[in-house]
Amino acid sequence: MSAEDLERYETEIELQLYREYRDVLPMFAYVIETERRFYLANGVNLQVHEDHGQPYFELELSDAWVWDMYVEELGTKDL
């Protein structure tokens, strides 16, 4: 597989992901985006922690869907 074929494949997957995401988005109250995944959820519990003076965040999602361009879609009650 050439670099061009791989680029075309990733573009197609991202477009498919976008279309699926767009179709189900109205069913959820929250959107959380990371470098690799999109999370859709109807409940979010945010907790801010500190470690050696550096903040980090912990999210607890409920009634959530996870989209990862390299993994099949995943629906779960809690995440």
Side-chain angles (χ1 to χ4, degrees):
M1 178 179 276
S2 71
E4 188 176 296
D5 290 339
L6 182 58
E7 181 73 25
R8 188 177 310 114
Y9 171 77
E10 287 183 346
T11 300
E12 289 172 11
I13 294 297
E14 287 175 2
L15 181 58
Q16 180 183 1
L17 182 66
Y18 167 78
R19 288 180 180 147
E20 291 176 10
Y21 181 78
R22 178 196 63 206
D23 291 343
V24 299
L25 183 63
M27 299 186 310
F28 294 92
Y30 299 95
V31 177
I32 299 92
E33 180 181 2
T34 67
E35 291 178 13
R36 182 172 165 173
R37 294 180 181 92
F38 286 97
Y39 299 85
L40 302 174
N42 283 319
V44 176
N45 179 13
L46 169 64
Q47 294 181 21
V48 181
H49 302 281
E50 192 172 312
D51 185 24
H52 302 290
Q54 296 293 320
Y56 69 94
F57 306 96
E58 180 181 353
L59 291 174
E60 182 179 324
L61 309 178
S62 59
D63 189 20
W65 280 91
V66 180
W67 263 276
D68 182 320
M69 65 183 285
Y70 300 105
V71 178
E72 293 294 319
E73 62 190 58
L74 167 68
T76 183
K77 182 163 175 40
D78 296 303
L79 186 64

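Note that this is a predicted model, so its numbers are computed, not measured.
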Chemist: Could you list the residues that satisfy salt bridge (charged side-chain N to carboxylate O under 4.0 Å, His left out) with E33, not counting sequence neighbours?
Modeler: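 For E33 there are no salt bridge (charged side-chain N to carboxylate O under 4.0 Å, His left out) partners, ignoring immediate neighbours.
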
Chemist: According to side-chain hydrogen bond (donor to acceptor under 3.5 Å, both in side chains), does anything in residues 41-54 pair up with another residue at least two apart or in another chain? List the pairs.
Modeler: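 Qualifying pairs, neighbours excluded: N42-D63, H49-E58.
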
Chemist: Is any side-chain heavy atom of I13 closer than 4.5 Å to a side-chain heavy atom of Q16?
Modeler: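 Touching, per the 4.5 Å side-chain cut-off.
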
Chemist: Can you hop from L6 to L15 via hydrophobic side chains spaced under 4.5 Å?
Modeler: no

Chemist: Would you give the length of the straight line joining atom CH2 of W65 to atom OH of Y39, rounded to the nearest 0.5 angstrom?
Modeler: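 The CH2 atom of W65 sits 15.0 Å away from the OH atom of Y39.
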
Chemist: If you apply the rule salt bridge (Lys or Arg N to Asp or Glu O under 4.0 Å), what do you find for R8 with E12, and how did you get there?
Modeler: CA-CA 6 Å; R8 188 177 310 114; E12 289 172 11; 5.3 Å; no

Chemist: Determine, using the 4.5 Å side-chain heavy-atom cutoff (strictly less than), whether Y18 and F38 are members of one ILVMFWY cluster.
Modeler: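 Result: no, two separate clusters.
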
Chemist: Holding to side-chain contact (heavy atoms from CB on, under 4.5 Å), I want the full list of residues that pass it with V31, two or more places apart in sequence or in another chain.
Modeler: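 By the side-chain contact (heavy atoms from CB on, under 4.5 Å) rule, V31 matches Y21, L25, L40.
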
Chemist: Following the transitive rule for hydrophobic clusters with a side-chain heavy-atom cut-off under 4.5 Å over Ile, Leu, Val, Met, Phe, Trp and Tyr, establish whether L59 and Y56 coincide in one cluster.
Modeler: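 No, L59 and Y56 fall in different hydrophobic clusters.
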
Chemist: With S2, which residues qualify under side chain to side chain donor-acceptor pair (under 3.5 Å), at least two apart?
Modeler: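 Testing S2 for side chain to side chain donor-acceptor pair (under 3.5 Å), a comparison that skips the adjacent residues, returns D5.
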
Chemist: Could you work out, with ring pair (Phe, Tyr, Trp, His ring centres under 6.0 Å) as the rule, every residue matching F57, not counting sequence neighbours?
Modeler: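 For F57 there are no ring pair (Phe, Tyr, Trp, His ring centres under 6.0 Å) partners, ignoring immediate neighbours.
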
Chemist: Looking at every heavy atom in both S62 and A41, which two are closest together, and how far apart are they?
Modeler: O-CB, 3.7 Å

Chemist: How many angstroms lie between atom CZ of F28 and atom CG of L61, to the nearest 0.5 angstrom?
Modeler: 11.0 Å

Chemist: What are the two closest non-hydrogen atoms of G53 and P55, and how far apart are they?
Modeler: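 Closest heavy-atom pair between G53 and P55: O-CD, 3.8 Å.
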
